[in-house]
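I have placed the structure first, in the form of structure tokens, so that the comments after it can refer back to it.
Every number for a ligand or one of its atoms is a count from 1 in the order of the listing.
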Amino acid sequence: MTTDWVERLLGGDELAASKLISLVENKSPQVPEIMRQIHPHTGSAAILGFTGPPGVGKSSLVDQFIYIACAKNLRVGVLAIDASSPYTGGALLGDRIRFGDYSGNDGVYIRSMGTRGHLGGLAQASRGAIRILDALGCDLVLVETVGVGQIELDIVKEVDTVVVVTMPGSGDYVQTMKAGIMEIADVFAVNKSDLPGADLAYSELVRFLHMAHKDSAWLPQVVSTCATKGEGLKELWTAAEAHREFLLQEDRISRRRKEQVKGEIEDLVLCRLKDDFWNIGWHGQRIQEVIDKVYARELDLYSARDEIVAQIVEEIKKI
Ligand SMILES: Nc1nc2c(ncn2[C@@H]2O[C@H](COP(=O)(O)OP(=O)(O)OP(=O)(O)O)[C@@H](O)[C@H]2O)c(=O)[nH]1
Ligand SMILES: [Mg+2]
């Protein structure tokens, strides 16, 4: 059953991609088997993340990237995580290519995933979905996340290149940007360049990055864009491509991806241990004693932790 869907996926069937992503989203028990089967067929897609505060124009930029990618005959997968505004389908630049609802054989596959009800599990689900789109045969996977919390920061770590989208704001522009977001950016898009303050926002950001990155091998590029008019999009694409070139030099991409694999293994192992925690053999009787002791102030929480971890280690030794 799973094997059929995987075979269809590897043959480029988008319906199979939808089906498999749903299984991943719903944490189906078939997920490990699916991932085992598709793993050898992943690793070739370029994965590009777009993040930034709500409403800055991430979807509009992704939309334009879809258009550019199609013009280059690239197969594109889009993963929109908690994106609130719909994709229009590259219509902003005119209707030379008609995407309709993106279904069918037009080389564009779009999938939304919500964070609601997925707290903590979303990073795993989105990684799985990225893998599935990679195995589907996408040359390029675009991932949109709203950069407002830790989960989003975790997700953008799973991509090759992070485009942080900002827009002209009031007051001290750089100071108001969240520190975490500044650090993960490989490329900046200062979108809504048609609004007042865009030049100042651009130059402040460039100045800041020159200072912050004076010893780094990669200086994040800053591109001024106006997604609604399609301005600066070619330049943004070129900046993303330049970062990809940079990753391909000196094997940086494998280092980056091995870091990601490390994080993923750690997450999976911890998740598994957490799930199994309540099923460990000794647990039932012992945990109640520990809870009672902690409650009665006979044992503190940290000593309780040490006692339990010591027992788990003993259990593992027996395996
Ligand atoms: N003036 C102006 N408006 C823009 C530009 N780009 C996008 N917008 C508008 O800004 C609004 C938000 O755009 P989206 O692309 O949905 O922004 P987003 O960052 O994806 O939003 P969320 O997914 O809700 O976080 C829409 O009304 C867009 O039409 C631009 O360059 N200039
Ligand atoms: Mg959006």
[X] to ligand 1: N or O pair under 3.5 Å?
X    : answer
P54  : no
T225 : no
C226 : no
L195 : no
S193 : no

| said: Once you restrict to heavy atoms under 4.0 Å, what part of K229 touches ligand 1? Side chain, backbone, both or neither. | reply: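 Under 4.0 Å from ligand 1, K229 contributes no heavy atoms.
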
| task | Please work out whether any backbone atom (N, CA, C, O) or any side-chain heavy atom from C-beta onward of D194 is under 4.0 Å from ligand 1, and answer side chain, backbone, both or neither. | result |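 The answer is the side chain.
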
| All side-chain contact (heavy atoms from CB on, under 4.5 Å) counterparts of A217, not counting sequence neighbours |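 Only F246, R252 meet the side-chain contact (heavy atoms from CB on, under 4.5 Å) criterion with A217.
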
| Angle class for the F65/F50 ring planes (parallel below 30°, perpendicular above 60°, tilted otherwise)? | perpendicular

| query | Is V290 reachable from L301 through a run of I, L, V, M, F, W or Y residues, each pair having side-chain heavy atoms under 4.5 Å apart? | reply |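 Yes, one cluster joins them.
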
| E144 near ligand 1, heavy-atom distance under 4.0 Å? | yes

| field | E14 and K19 ion-paired at < 4.0 Å | value |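 Judged by the 4.0 Å cut-off on N to carboxylate O distance, E14 and K19 do not form a salt bridge.
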
| task | Give the single entry among G230, G55, P168 that approaches atom 12 (C) of ligand 1 most closely by any heavy atom. | result | G55

| said: Just to be sure I'm reading this right: ignoring hydrogens, which of A80, G57, S224, A198 gets closest to atom 17 (O) of ligand 1? Compare them by their nearest heavy atoms. | reply: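 Selected option, by shortest heavy-atom distance: G57.
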
| pair R257-D160: side-chain heavy atoms closer than 4.5 Å | yes

| request: Flag the pair V165 / T51 as yes when at least one side-chain heavy-atom distance between them is below 4.5 Å, and no otherwise. | output: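 SC-SC contact between V165 and T51 ruled out.
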
| task | Looking at E144, pick out the N, O or S atom nearest to the Mg ion (ligand 2) and give its name. | result |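 Per the distance ranking, E144 contributes OE2 as its closest N/O/S atom to the Mg ion (ligand 2).
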
| side-chain hydrogen bond (donor to acceptor under 3.5 Å, both in side chains) partners for R297, two or more places apart |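 side-chain hydrogen bond (donor to acceptor under 3.5 Å, both in side chains) check on R297 returns nothing, list empty.
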
| field | D13 side, atom CG; E7 side, atom CD - distance, nearest 0.5 Å | value | 12.0 Å

| message | Just checking: S59, one of its N/O/S atoms, less than 2.8 Å away from the Mg ion (ligand 2), yes or no? | response |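 True for S59.
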
